[in-house]
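Written out below as structure tokens is the structure these notes cover.
Treat the numbers as computed from the prediction; the structure is a model and nothing was measured.
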Amino acid sequence: VWGTKYRRKILKHYVRSELIKFLYEVQRQYPDLYFDNINTGDDHVHILMEIPPKYAVSEVVQKLKGHSAFYLRKRFKFMKELYRRGGVWSDGYFVSSVGLNEDQIRKYIDRQNKDDRGRDITAEFS
């Protein structure tokens, strides 16, 4: 599971759609990467995915963020102007391995931007 922040406050719905399509295109290029679930919030992306041990997780995240930023800037001309001084994505990201709590994580990702606003859901992961 990894998550990252979008630099601006709101990830527009049409940008979200293109981003998700693009990520699945990346999966076609790297068939040994498997996206189980992708969802976005207003300012972030969550992906539940399988990464074979031959790849470093940081390498995969770097490629996904770099390639998607390049694609989004090319696809949406306004983004070149908007992000002249910084990247599309924040520098950091969150990664966690999935084990017994996979169902809870899948539900959390599914709920992004739906019913989990303003709720403390940390108990669901303990």
Side-chain angles (χ1 to χ4, degrees):
V1 173
W2 73 275
T4 190
K5 286 276 223 184
Y6 182 66
R7 275 206 185 269
R8 299 291 177 200
K9 291 189 182 207
I10 301 207
L11 189 59
K12 303 289 186 192
H13 67 89
Y14 51 88
V15 175
R16 290 179 195 188
S17 297
E18 284 297 315
L19 171 62
I20 291 170
K21 280 192 252 179
F22 175 77
L23 290 172
Y24 282 114
E25 282 298 316
V26 169
Q27 184 179 14
R28 283 194 259 295
Q29 293 173 358
Y30 298 92
D32 48 354
L33 297 179
Y34 174 71
F35 297 123
D36 184 279
N37 198 348
I38 300 173
N39 203 348
T40 63
D42 286 341
D43 66 349
H44 59 280
V45 175
H46 288 271
I47 300 176
L48 178 61
M49 67 184 297
E50 291 180 24
I51 301 172
K54 70 180 184 179
Y55 297 114
V57 173
S58 60
E59 174 189 1
V60 172
V61 172
Q62 180 183 20
K63 284 186 186 298
L64 291 176
K65 289 172 78 170
H67 289 300
S68 64
F70 179 80
Y71 172 78
L72 292 174
R73 284 182 171 179
K74 187 175 174 184
R75 175 75 174 85
F76 300 105
K77 303 299 182 200
F78 71 89
M79 292 183 86
K80 284 182 183 177
E81 192 66 27
L82 193 62
Y83 296 106
R84 270 194 279 176
R85 294 185 185 184
V88 172
W89 302 110
S90 66
D91 293 335
Y93 59 92
F94 169 80
V95 175
S96 177
S97 61
V98 174
L100 297 175
N101 60 349
E102 184 174 344
D103 287 335
Q104 289 98 342
I105 291 171
R106 187 175 283 107
K107 288 175 188 174
Y108 173 76
I109 291 172
D110 284 340
R111 281 196 315 259
Q112 289 305 299
N113 246 15
K114 292 180 187 163
D115 66 350
D116 64 338
R117 290 183 183 202
R119 275 184 37 206
D120 179 9
I121 60 167
T122 54
E124 295 181 28
F125 296 101
S126 52

Exercise for the section: Mind checking the CG-NZ spacing from Asp91 to Lys65? Nearest 0.5 Å is all I need. Expected result: 7.0 Å
Handout entry: Min side-chain heavy-atom separation Leu72-Phe22 under 4.5 Å
Key = no
Practice task
Please check if the side chain of Asn39 supplies one atom and the backbone of Asp110 the other of a donor-acceptor pair under 3.5 Å.
Solution key: yes
Exercise for the section: Would you give the length of the straight line joining atom CD1 of Ile38 to atom CG of Leu19, rounded to the nearest 0.5 angstrom? Expected result: 7.5 Å
Handout entry: Ion pair Glu25/Lys21, N-O distance below 4.0 Å
Key = no
Practice task
Look at the rings of Tyr24 and Phe35 and say which category their plane angle falls in: under 30° parallel, 30 to 60° tilted, over 60° perpendicular.
Solution key: perpendicular
Practice task
Apply side chain to side chain contact (heavy atoms under 4.5 Å, CB included) to Ser58 and list each qualifying residue two or more places apart in sequence or on a separate chain.
Solution key: Ala56, Tyr93
Exercise for the section: Mind checking the CD1-OG1 spacing from Ile109 to Thr40? Nearest 0.5 Å is all I need. Expected result: 11.5 Å
Problem - Residues forming a salt bridge (charged side-chain N to carboxylate O under 4.0 Å, His left out) with Lys63, sequence neighbours excluded - result: none
Exercise for the section: Can you see which heavy atom on Lys74 is nearest to which on Lys77, and at what distance? Expected result: O-NZ, 3.1 Å
Handout entry: Cluster check Val95, Tyr34: I/L/V/M/F/W/Y, side chain < 4.5 angstrom
Key = no
Handout entry: Ring geometry between Phe78 and Phe76 (parallel below 30°, tilted from 30 to 60°, perpendicular above 60°)
Key = tilted
Handout entry: Co-membership, hydrophobic cluster, residues Ile20 and Tyr30, 4.5 Å side-chain
Key = yes
Kindly list each side-chain donor-acceptor pair under 3.5 angstrom involving residues 48-55, sequence neighbours excluded, with atom names and distances?
| residue | atom | partner | partner atom | Å |
| --- | --- | --- | --- | --- |
| Lys54 | NZ | Asp32 | OD2 | 2.9 |
| Tyr55 | OH | Asp32 | OD1 | 3.2 |
| Tyr55 | OH | Asp32 | OD2 | 3.1 |

